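The block underneath contains the structure these notes are about, expressed in C-alpha cells.
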Amino acid sequence: MRAYLVRRLVTLPLMLLGISAVTFTLLNLAPGNPAEIVVRQRNPGQMPNPAEVAAMRVELGLDAPVPAQYVRWMTGALTGDLGRSYVTEQPVAAQLARRTVPTALLTVVAFALALLVAVPVGILSAQRRGGIQDSAARLAALVGAAAPSYALAFGLIILFSVKLSWLPALGYGSVAHIALPAIALSLAPMAQLMRLIRASMLEVLGQDYIRTARAKGLSEKIVVAGHALRNALLPAIGATGVHLGYLLGGAVIVETIFTWPGLGQLMVGAALTRDYPVVQGFVTYIAVVVLLINLAADVALRIADPRLRFS
C-alpha cells in the first residue's frame, strides 16, 4: 500500500503539469483578443484604438512569448497565486474559493441522491432478474444515462417550476433551490451506478459462498445484506472518483441553467469574456480536485478489498 501511494503521489505533479500546459496552450490558440475585450469592457460604448489595445497587452503580460507567460503563471501557481481576472481584476484564487462551497454542496447532494436511489434499485433489479421491476429499472437507467443534463434541467424547470409551481427554478440559499439542480445533475451517475451495482450483484449472487449461505438455510435478506452486498459494492467504490469528476464537469452546464453561484457558472462567464486567467485557474483547480478524489477512491477500494492490497 505504501509503495502504491508513493507512486501515485509522484505522478500527480507530472499529470498536473501536463494538464496545465495543454490548457494554457489551447487558451492562447483560441480566437479573440483578450486585450481588446478588456478595453471594450473598461470603456463601454467606445471603439478601442490600436494603441490602447497594445498598452493593455503589455499590462496583462500578453506581449511576452507563450512559453514565458506559462513559466510566469506556473511560478505564481506554485505559491498559490493563480493571477488576476482580466474582467474583475480580483485574484483568481479568491474567486475560486468563494465559488467552491456552492459547487461542493451541489455535488455532494447530487451524489448522495444518486447513491440513495442506485444502490437499492440495483440490488432489487439483480434479485428479480428478468422481471417487471428489472426491465423497468434497466429502461429508466438507459434513458437517464442517455439524456443530456441540459435537457433534463429544462424539463424539470418546465414541470416543477412552470407547470406545478412546486420548486423555484433559479437562485441559491435554501433546500428548495438545490432540489432541481441536484436532481438534474444526479440522473446520469444514478443510472450508471444502478447498472454497475446490478451487474456486480448478479456476479456475486452466482458465487459458491452465496450458494453455501443459502444451503445453510439463511434468509435471503441475510444472504444479500450480510454476504453479497459488501463485495457487490466494491466496483461502485472504485467508480466513485469517476462519477464525482463527472458531477464537477456537469455542474458547469447545470449551474449556468439554474443560476447556481458555483464554479461552473464562473467558468462559463470567464469563457464568454475571454478571461483566460480564470479559465486556466478553474481547469487546474478542478484537475487537482479530481485527481485527489480518484486517489482517495483507489485507496478506499484497496482497503475494502484485501485482494488488491497485495497485487
Side-chain angles (χ1 to χ4, degrees), residues 16-104 106-107 149-150 170 172 181 245 248-290:
L16 287 174
L17 181 64
I19 293 171
S20 63
V22 171
T23 305
F24 198 91
T25 303
L26 293 177
L27 286 175
N28 281 274
L29 293 176
N33 188 344
E36 182 177 347
I37 294 174
V38 174
V39 172
R40 290 178 181 273
Q41 291 174 343
R42 294 185 181 181
N43 303 288
Q46 299 180 11
M47 288 297 294
N49 57 61
E52 292 176 328
V53 174
M56 184 57 65
R57 284 181 58 83
V58 175
E59 180 182 338
L60 299 178
L62 299 176
D63 57 323
V66 174
Q69 295 181 41
Y70 176 71
V71 171
R72 184 173 61 239
W73 179 87
M74 180 56 69
T75 302
L78 292 176
T79 62
D81 181 11
L82 298 176
R84 287 183 172 273
S85 166
Y86 290 163
V87 178
T88 65
E89 300 184 27
Q90 296 179 359
V92 174
Q95 294 188 57
L96 294 175
R98 286 196 301 269
R99 301 289 189 120
T100 295
V101 173
T103 296
L106 178 59
T107 302
S149 58
Y150 66 86
L170 310 174
Y172 168 77
L248 288 172
V252 173
I253 298 175
V254 172
E255 287 182 0
T256 303
I257 294 174
F258 290 97
T259 65
W260 190 263
L263 292 169
Q265 191 184 50
L266 176 67
M267 167 65 178
V268 172
L272 293 176
T273 57
R274 300 294 195 277
D275 198 347
Y276 292 163
V278 175
V279 177
Q280 177 74 23
F282 170 84
V283 174
T284 305
Y285 180 61
I286 293 298
V288 172
V289 173
V290 171

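All values derive from a computational prediction rather than experimental measurement.
Gln69 has its side chain within reach of Phe24: a pair of non-hydrogen atoms, C-beta onward, lies under 4.5 Å apart. Proximity of Arg274 to Leu27: side-chain heavy atoms (C-beta onward) are nowhere separated by under 4.5 Å.
Shown here for Val278 and Ala270, the closest heavy-atom pair between the two residues is CG1-CB, 3.5 Å. Closest of all the heavy-atom pairs between Gly264 and Thr103 is N-OG1, 4.2 Å.
A side-chain donor-acceptor contact under 3.5 Å links Trp260 to the backbone of Pro102. In this structure a side-chain-to-backbone donor-acceptor pair under 3.5 Å is present from Glu255 to Leu263.
Gln280 and Ser20 form no side-chain donor-acceptor contact under 3.5 Å, judged by distance and modelled atom types alone. Looking at Thr256 and Tyr150, their side chains never bring a donor and an acceptor atom within 3.5 Å of each other.
Residues in residues 84-93 take part in these side chain to side chain donor-acceptor pair (under 3.5 Å) pairs, two or more places apart or across chains: Arg42-Glu89, Ser85-Thr88, Ser85-Asp275, Thr88-Gln95, Gln90-Arg98.
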Between Leu82 and Phe282, does a side chain to side chain contact (heavy atoms under 4.5 Å, CB included) hold up when you go through it step by step? CA-CA 9 Å; Leu82 298 176; Phe282 170 84; over 6 Å; no

What verdict does the side chain to side chain contact (heavy atoms under 4.5 Å, CB included) test give for Ile19 and Thr284, after you've listed the backbone C-alpha separation in whole Å, the side-chain angles of each residue and the deciding distance to 0.1 Å? CA-CA 7 Å; Ile19 293 171; Thr284 305; 5.9 Å; no

Apply side chain to side chain contact (heavy atoms under 4.5 Å, CB included) to residues Arg99 and Gln265 and explain how you reach the verdict. CA-CA 9 Å; Arg99 301 289 189 120; Gln265 191 184 50; 3.4 Å; yes

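Atom CG of Leu266 is separated from atom OH of Tyr285 by 11.5 Å, given to the nearest 0.5 angstrom. Note: Leu170 CG to Phe258 CZ = 8.0 Å, rounded to the nearest 0.5 Å.
Under the side chain to side chain donor-acceptor pair (under 3.5 Å) criterion, Tyr172 pairs with no residue, sequence neighbours left out.
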